[in-house]
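Below is one structure; the comments refer to it alone.
This is a predicted model, so every value here is computed, not measured. Lettering of chains follows the sequences in order, A, B, ..., and the numbering in each one begins at 1.
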4 protein chains.
Amino acid sequence: MPKVTEAHLEARRQQILEAASSCFARKGFHHSTMHDICAEAQLSPGAVYRYFSSKEEIIEAMAEEERVRALGYIEAAKQRGDTLELLNELANVFFGVVEDEWQQMCKLDIEVWAEGLRNPRVMGLVRRTFDSHLESFAEIVRMAQERGDINPALDPEAVAHVMMSFFEGLVLQKGMDPGIDVPNYVAVMKAMMKGTFWTGRTLEGS
Amino acid sequence: MPKVTEAHLEARRQQILEAASSCFARKGFHHSTMHDICAEAQLSPGAVYRYFSSKEEIIEAMAEEERVRALGYIEAAKQRGDTLELLNELANVFFGVVEDEWQQMCKLDIEVWAEGLRNPRVMGLVRRTFDSHLESFAEIVRMAQERGDINPALDPEAVAHVMMSFFEGLVLQKGMDPGIDVPNYVAVMKAMMKGTFWTGRTLEGS
Amino acid sequence: MPKVTEAHLEARRQQILEAASSCFARKGFHHSTMHDICAEAQLSPGAVYRYFSSKEEIIEAMAEEERVRALGYIEAAKQRGDTLELLNELANVFFGVVEDEWQQMCKLDIEVWAEGLRNPRVMGLVRRTFDSHLESFAEIVRMAQERGDINPALDPEAVAHVMMSFFEGLVLQKGMDPGIDVPNYVAVMKAMMKGTFWTGRTLEGS
Amino acid sequence: MPKVTEAHLEARRQQILEAASSCFARKGFHHSTMHDICAEAQLSPGAVYRYFSSKEEIIEAMAEEERVRALGYIEAAKQRGDTLELLNELANVFFGVVEDEWQQMCKLDIEVWAEGLRNPRVMGLVRRTFDSHLESFAEIVRMAQERGDINPALDPEAVAHVMMSFFEGLVLQKGMDPGIDVPNYVAVMKAMMKGTFWTGRTLEGS
DNA sequence: CATGAATGAGGCTTCATTCAT
DNA sequence: AATGAATGAAGCCTCATTCAT
């Protein structure tokens with residue numbers, strides 16, 4: 001029987017991860033020192049190293065958390081049968097997050113992307129995130145094509161990639177400039193999605 | 001080595017910048033040491049510091065080069081009057097780049113985005129890149145709306161943002177996974193753009 | 001190593017300062033590397049940088065210590081009412097220091113003077129040292145003049161400057177050549193001071 | 001027959017030495033880079049290295065120049081037979097130098113002293129300077145003692161040391177603060193010298 | 001379990017010096 | 001003889017990590 005409950009351990013982990021996220025969003029992975037993270041978490045280095053064996057591991061754990069969170073968003077939205085509604089839902093989920101938190105999330109995502117370029121573990125996480133999103137989107141597209149909602153000439157995977165771009169581009173642009181007009185962005189996004197829908201005319205496509 | 005031509009100096013600068021780009025794309029800004037860059041450029045530290053007064057400055061110069069290059073792409077494409085053709089052109093320009101170089105460019109872009117989050121100078125460059133792209137796109141959209149090509153209910157700026165996402169998303173996805181099927185991606189992109197064109201039906205916009 | 005007493009921290013500081021002094025006296029500020037100081041203090045660079053944030057700061061702290069020490073000497077001597085006795089006292093204080101330590105002190109002083117020429121902070125310290133000595137001497141002279149001991153035609157400040165020269169010159173000469181005959185030097189110094197005393201003849205002052 | 005006259009070579013040497021002196025007085029030996037010196041001398045590094053094989057050598061040459069100049073001062077003054085007049089002469093010589101040049105000279109002296117502590121060659125120069133001054137002063141004192149001007153109980157060498165302090169202290173104090181009142185300083189100095197003169201009373205001395 | 005002082009490898013940068021032109 | 005671009009050793013400092021208390 002450990003002296004501390006499992007829950008307490010997990011709470012400490014979270015505490016560190018949150019401190020790290022805050023630092024990372026503010027200063028980036030490489031400008032955030034372990035000292036910064038310790039200070040933010042109000043913990044000593046020794047304590048932090050009880051929960052994570054390296055800074056790398058903290059980054060990875062943080063990226064993993066992001067992945068799970070993002071997965072949650074899309075899973076929640078996927079419940080909606082209607083294709084267009086999915087975008088609404090995703091947008092709503094995004095809107096549900098407090099502004100500051102969202103901004104931080106965007107920055108962390110960008111940071112994680114860059115980190116993925118040289119840390120294979122992080123890359124793995126990013127790819128898994130991308131792949132699961134891709135798969136979700138592709139499935140939706142395929143269903144819509146079967147229903148005749150979407151032009152069957154379009155490659156479902158490719159549509160999924162573009163849909164991902166909608167969100168990744170928004171994350172990037174909001175990360176760089178929080179002032180972007182999101183509702184209008186979503187409106188355009190939906191108009192474009194709607195435009196890919198079957199309209200009786202053949203979309204020559206390319 | 002006595003006084004040397006201006007061209008030689010500029011060539012050296014390029015040599016260093018290319019070496020740096022190569023390192024940065026391979027290992028990221030923060031894992032590339034000056035030593036790495038020097039080795040890649042086949043130059044001594046002292047020589048490199050004749051041309052750039054800090055690693056930071058190399059990063060910034062590199063980001064600036066990226067900005068100018070990106071600007072060139074879109075300017076070249078903007079010559080085309082037809083709205084849809086713009087996408088073709090941009091895609092062609094992208095395709096015109098050798099595969100490896102493109103891949104490297106994508107990685108550098110991602111790297112630069114992340115760097116922008118904490119280096120105000122780099123952020124400035126990124127913002128300027130984004131802004132000039134945005135403006136180009138918005139102008140195209142406005143012209144298309146005047147011609148009746150695009151639904152006038154859509155905010156031109158917002159459309160521009162989404163168009164930027166098309167490309168940024170592609171850059172990100174290709175950066176993370178070079179295997180992405182670009183032609184199909186472009187096809188979908190064009191289909192979606194075409195879908196925003198005026199079709200006689202009102203796009204309610206949300 | 002957990003939290004440690006305030007005294008221990010101060011002891012470490014002293015340990016570093018002493019190591020630095022030793023290096024500085026032996027090799028000068030600019031030929032003493034941080035590595036030298038660390039080795040002398042038997043501490044790692046990281047440890048030293050916990051206590052001083054730069055080599056510069058070590059130099060300044062050392063100069064400040066010298067200042068305080070010098071202040072102590074003169075303050076101790078000032079207790080003596082009799083004018084001539086002051087010189088005796090100062091000389092005694094000097095003699096009270098172990099030979100090696102004195103030699104080191106002289107070298108450090110010379111080093112600090114030179115450093116003062118380009119480090120404004122050090123210059124500030126040197127000036128303050130000089131000023132407080134000057135003031136002490138001038139006060140003594142004024143009192144001696146009131147008692148009729150010293151020719152009232154002489155500017156007390158100027159006398160103080162010359163008195164300072166007695167000591168600074170000795171420091172310099174001993175720093176350059178430890179073999180100087182100090183007792184004889186002091187004897188002459190006192191004879192000269194005595195000579196400025198009122199003797200019934202008017203000293204025309206030039 | 002060299003392409004350049006001996007005189008031209010010497011002129012270049014002087015040009016470099018003057019540039020170096022200027023830099024050294026302004027920034028000290030160790031903060032003056034060869035680049036600084038080259039810039040000040042309007043010469044390229046290669047050119048400078050034709051005349052001096054190292055920075056060290058420039059420092060030493062400069063110190064040697066200072067030594068010779070100082071020697072000239074005292075030699076000039078020594079012509080005067082009268083003891084007190086020597087001080088007048090030395091003071092006059094000092095006064096004869098333009099203010100700025102003097103200030104620079106003081107700083108260089110201080111710099112040279114410090115450098116002497118760790119460069120045996122420079123130390124040799126300083127010692128030689130000191131020794132020749134000492135000898136000159138001692139000789140004067142001995143002569144004065146023979147004439148009965150100065151208390152014969154005083155060690156001529158010791159008096160010489162103190163006389164040197166008069167000047168070294170002034171150099172130091174003026175180096176640190178150009179505002180010092182030199183005429184008054186000299187007046188006191190002379191009063192003190194006069195006080196060591198034989199007055200009929202025995203100066204108990206020590 | 002926690003603390004935080006200490007470690008030390010390694011990064012960025014400077015600058016005295018060289019040498020091809 | 002002069003030039004100035006290039007060299008590369010070495011210095012200062014940071015920071016992820018450890019471990020005695």
(request) Give the rounded distance in Å between these two atoms: CZ of A:R50 and P of F:dC19. (result) 13 Å

(message) In this structure, how many angstroms lie between the C1' atom of F:dC12 and the CZ atom of C:F52, rounded?
(response) 16 Å

(message) Which residues in residues 54-64 of chain A have a heavy atom closer than 4.0 Å to any atom of DNA chain F?
(response) A:S54, A:K55

(message) Heavy-atom nearest nucleotide on DNA chain F for C:A47 versus B:G46: which residue maps closer to 5'?
(response) B:G46

Compare the minimum distances between each of [options] and the side chain of [X], then state the nucleotide with the smallest one.
X: A:Y51; options: E:dT7, F:dA6, E:dA2; value: E:dA2
X: D:P45; options: E:dC1, E:dT18, F:dA6; value: E:dT18
X: C:Y49; options: F:dT14, E:dT18, F:dT3; value: F:dT14
X: D:H8; options: E:dA6, F:dA6, F:dA2; value: F:dA2

(request) State plainly whether the residues B:R69 and B:E101 are in salt-bridge range, i.e. N to O under 4.0 Å. (result) yes

(message) Can you tell whether the side chains of A:R118 and B:E111 come within less than 4.0 Å, N to carboxylate O?
(response) yes

(message) Is there a side-chain contact between A:R12 and the phosphate of E:dC1, meaning an N or O under 4.0 Å from OP1 or OP2?
(response) no

(message) So which atom in C:E60 and which in C:N119 form the shortest heavy-atom distance, rounded to 0.1 Å?
(response) OE2-ND2, 3.2 Å

(request) Determine which nucleotide pairs with F:dT21, using a 3.5 Å limit on both distances of a Watson-Crick or G-U wobble pair. (result) E:dA2

(request) Identify the nucleotide, in any strand shown, that forms a Watson-Crick or G-U wobble pair with E:dG8, with both distances under 3.5 Å; if there is none, say none. (result) F:dC15

(request) Tell me, yes or no, whether the heavy-atom count around B:H31 atom NE2, taken from other residues, nucleotides or ligands under 6.0 Å, exceeds 12. (result) yes

(request) Check the surroundings of atom CZ in B:R121: do more than 12 heavy atoms from other residues, nucleotides or ligands lie under 6.0 Å from it? (result) no

(request) Find which nucleotide of DNA chain E each of A:V48 and C:S44 is nearest to by heavy atoms, and output the residue with the more 5' nucleotide. (result) A:V48

(message) Is it true that B:E115 and B:H30 share a donor-acceptor pair across their side chains at a distance under 3.5 Å?
(response) yes

(message) Pairing donors with acceptors under 3.5 angstrom, does anything connect the side chains of B:Q15 and B:E40?
(response) no

(request) Check each of A:E56, A:K55, A:E57 against A:S53 using the side chain to side chain donor-acceptor pair (under 3.5 Å) test, and report the only one that passes. (result) A:E57

(request) With the side chain counted from C-beta on, respond yes when D:P45 and D:H35 share a heavy-atom pair under 4.5 Å apart, and no when they do not. (result) no

(message) Under 4.0 Å, heavy atom to any atom of DNA chain E: which of residues 29-43 of chain C qualify?
(response) C:L43

